[in-house]
Amino acid sequence: TAERVSQSITGLLATLSQAEAEAGTATTRRAWTAQRVKQAIDALGGVTDISAHVTKSGNQTLTTGVDTFITWDTETFDTDTMHSTATDTSRLTATTAGKYCVGGHVEIGASATGQRDVLIMKNGTTVVSRMTIDAAAAGVTIVPIASFVQLSATDYVELRVTQNSGGNLDVAGGGANSAFWAARMF
């Protein structure tokens, strides 16, 4: 059976030492115990959920041709105090340095004219990622965006939106119509 084969192979291999598990440098085949896996993970800093997901409860007006940072007033979750519903509500601010996966989506009101431009901005000035799409021929336009970015503690990211329909359009709030998130990967 598979269990017997596994036991036979494991019996032939020496068990990885704690020092080898924590260093992560051994190149010979070794048997790993659950304890050694945990020690290796702990040596890497453990697994800590550092993430935030925010949405809007109401609409936000986009004036044609004007760059607008989207504000977020509802936290689905925030495990590391990355977002405030009182100040700088457009921002997700890293309190722990690392490499983050950042993304979101924005639902923009109906107009078949022009383009919709969504950017992930770092510290208000650096473009991390950009998604530009033509307006939907009918109905709303939904623009998704995501990227990886290195953040130091106190660095922040925001979603900036521009539309050029010739008139004002709304970013839809309520539920999951528009959302913004960040998760520290390592």
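Side-chain contact check for Trp181 versus Thr76: every heavy-atom pair is 4.5 Å or farther apart.
Through direct or relayed side-chain contacts under 4.5 Å between Ile, Leu, Val, Met, Phe, Trp and Tyr, Val140 connects to Ile142.
For the residue pair Ser51 / Asp49, a side-chain donor-acceptor distance below 3.5 Å is found, with atom types taken as modelled. A donor-acceptor contact closer than 3.5 angstrom is absent between the side chains of Asp73 and Thr85. Looking at Asp134 and Gln115, their side chains do bring a donor and an acceptor atom within 3.5 Å of each other. The closest side-chain donor-acceptor pair between Asn164 and Thr64, if any, does not fall under 3.5 angstrom.
The closest donor-acceptor contact from the side chain of His53 to the backbone of Ala183 lies at 3.5 Å or more, if one exists at all. With hydrogens and angles disregarded, no donor-acceptor distance shorter than 3.5 Å links the side chain of Glu107 to the backbone of Ala176. The main-chain N or O of Val54 is never found under 3.5 Å from a side-chain atom of Thr74 such that the two would form a donor-acceptor pair. For the pair Ser129 (side chain) and Ile120 (backbone), a donor-acceptor distance under 3.5 Å is absent.
The salt bridge (Lys or Arg N to Asp or Glu O under 4.0 Å) pairs that include a residue from residues 121-133 are Asp117-Arg130, Lys122-Asp155, where partners are two or more places apart or lie in different chains.
Between the CD atom of Glu158 and the OG1 atom of Thr71 there is a distance of 10.5 Å, given to the nearest 0.5 Å.
Listed by chain and residue number, nothing satisfies the ring-ring contact (aromatic ring centres under 6.0 Å, His included) test with Tyr100 (two or more places apart in sequence, or in another chain).
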